[in-house]
Amino acid sequence: MGRVYSITSPAPKGGISYKQITVDYENMPVILKPIYTGICGTDRGIVKGSLNFAYCPLGYGDLALGHESICRVISAKSNKYGIRSGDIVVPIVRRPGQCLNCITGRSDNCSDGDKHEAGVTGMHGFMREEFGDSPEYLLKVSSDTMKEVGVLTEPLKNVEKAFEVYDLVSRRSISTDRFGSLSEKRAIIIGTGSEAFLYALKCRDYGFQTLITNRHPIDDLKMKFLDTAGVQFFDYTKEHRDESGWDLVIDTSGDPGTIMRFLRKTNNNGNVILFGTNGSAPATGIDGQDIDHIIERNIFLIGSVDGARVHYELALKDLERWNVQYGDKIKSLITHRYSPDDTSVFTKKDPLEIKSVIDWSK
Ligand code: DN4
Ligand code: BGC
Ligand code: ZN
Ligand code: ZN
């Protein structure tokens, strides 16, 4: 069975444990061994007990964690998806229920909530020495160069999905500038975690003037990375860079007060993507003027979660392209590598972290 990161009673109690839980997988058609599993705000939120939507699989009092991973196929029964022993794959997190969106391949837009997510909602995750899966939920990674940065496929697929929604809603008006581009349009990303960095790269691909902000300064390594990508950082508690307003606001903090601060400076026909989730964030006040501002300026609020297979595919393509465009820099997004024996990564976040991964070869 080997090592499994699991937690008991995800919410409201929370708390990481490191024990052997028995999950039968031997009869599954594909057996996988993780190469890397990534850690993000969702894992830490579950461990802290602040994500009330997390729950254990039916019949279990524990949940094996892990939804971001890149794995080696140890063995595979013959299948029509071309998954073979030795392949490198990224497993899909969300598993469909019975609603129309789910049965048509868009469980990211599940209509009744009756889906499951590995390591999050009712399904054991990938932070296990070995686990089993069905081939239809595995995405083959063809190039060996993606073995490392491929672990970013899962977090990036969320960004791809959010931009699919952005593409749809931004068509309601002319969203480009006088040159027909976005070079005079301004995007702001709230938060400086791994998802925020991926959003920043995507905003640059779109051609936005891209800024990223937090309530404290960030270290030189992060600054250097942002500099390479042409993204500006500012600490909003010290500086104001909102004189000409925002055309796109992307929140990864989940903090209502901070969201409102930037929403109040959103331009006509602006879009606000709400992405960060933090059930323990404090309440904030919204008054009539805020509502008027949203209405009179045609501001569109987008809530976006998860992504479908198509977004995993887009994410892989973007990572391959960025790997060429930014060279080794893209690898530097993975700042920390932990041994599976070290559970501290779930409760502490090193200020220098962009993406922490567990290296299962350790
Ligand atoms: P993360 O690394 O915890 O990033 C959150 C960022 O927000 C950190 O840089 C925080 O800074 C920053 N932050 C917190 N409060 C504030 C504030 N008041 N003002 C400015 N910045 C603030 O998490 P992540 O990058 O892995 O994910 C971002 C969020 O998206 C998390 O809440 C996830 O649960 C959520 N998420 C949603 C989806 C989805 O909808 C997918 C993946 C993640 P500091 O506290 O670290 O200094 O599909
Ligand atoms: C995952 C998504 C998932 C979301 C909410 C995120 O960390 O990337 O696939 O839908 O958490 O559970
Ligand atoms: Zn994640
Ligand atoms: Zn559904």
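Atoms within each ligand, like the ligands themselves, are counted from 1 in listed order. What you see is a predicted model; the values in this text were computed from it and never measured.
Summarising the geometry of Ser344 relative to Tyr338, their closest heavy-atom pair is OG-CE2, 4.1 Å, with the distance given to 0.1 Å. Across Gly132 and Tyr25, no two heavy atoms sit closer than the pair N-CB, 3.4 Å. Listed here is the closest heavy atom pair of Asp359 and Ser361: OD1-OG, 2.7 Å.
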In a simple table, one pair per line, please give the protein and ligand 2 atom names for every N or O pair closer than 3.5 Å, along with the distance.
| from | atom 1 | to | atom 2 | distance (Å) |
| --- | --- | --- | --- | --- |
| ligand 2 | 7 (O) | Thr42 | OG1 | 2.7 |
| ligand 2 | 7 (O) | His67 | NE2 | 3.1 |
| ligand 2 | 8 (O) | Glu154 | OE1 | 3.4 |
| ligand 2 | 8 (O) | Glu154 | OE2 | 2.6 |
| ligand 2 | 8 (O) | Lys157 | NZ | 3.3 |
| ligand 2 | 8 (O) | Asn158 | ND2 | 2.9 |
| ligand 2 | 9 (O) | Glu154 | OE2 | 3.4 |
| ligand 2 | 9 (O) | Lys157 | NZ | 2.9 |
| ligand 2 | 9 (O) | Asp306 | OD1 | 2.5 |
| ligand 2 | 10 (O) | Glu117 | OE2 | 2.4 |
| ligand 2 | 12 (O) | Glu117 | OE1 | 2.6 |

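Applying the ring-ring contact (aromatic ring centres under 6.0 Å, His included) test between His124 and each of Phe131, Tyr55, Tyr60 identifies Tyr60 as the sole match. Partner Phe163 forms a side-chain contact (heavy atoms from CB on, under 4.5 Å) with one of Leu314, Asp205, Ile250 and no other, that one being Ile250.
For ligand 1, the protein residues within 4.0 angstrom (heavy atoms only) are Cys40, Gly41, Thr42, Asn158, Ile190, Gly191, Thr192, Gly193, Ser194, Glu195, Asn214, Arg215, His216, Tyr236, Thr252, Ser253, Asp255, Thr258, Phe275, Gly276, Thr277, Ser304, Val305, Asp306, Lys349.
Taking a cutoff of 4.0 Å between a charged side-chain nitrogen and a carboxylate oxygen, Lys317 and Glu313 do not qualify as a salt bridge. Under 4.0 Å is where a charged nitrogen must lie from a carboxylate oxygen, and between Arg95 and Glu117 no such pair does. Classification of Glu353 and Lys348 as a salt-bridged pair fails, no side-chain N sitting under 4.0 Å from a carboxylate O. We find that Arg264 and Asp290 are joined by a salt bridge, their nearest charged nitrogen and carboxylate oxygen being less than 4.0 Å apart. Taking the charged nitrogens against the carboxylate oxygens, Asp227 and Lys224 have no contact shorter than 4.0 Å, which rules out a salt bridge.
Ser170 places a side-chain heavy atom less than 4.5 Å from the side chain of Asn271.
Within the structure, side chain to side chain donor-acceptor pair (under 3.5 Å) contacts touching residues 69-85 (residues at least two apart or in different chains) do not occur.
A donor and an acceptor atom, one from each side chain of Ser181 and Asp177, are located under 3.5 Å apart.
The count of protein N, O or S atoms under 2.8 Å from the Zn ion (ligand 3) stands at 3, with waters excluded from the count.
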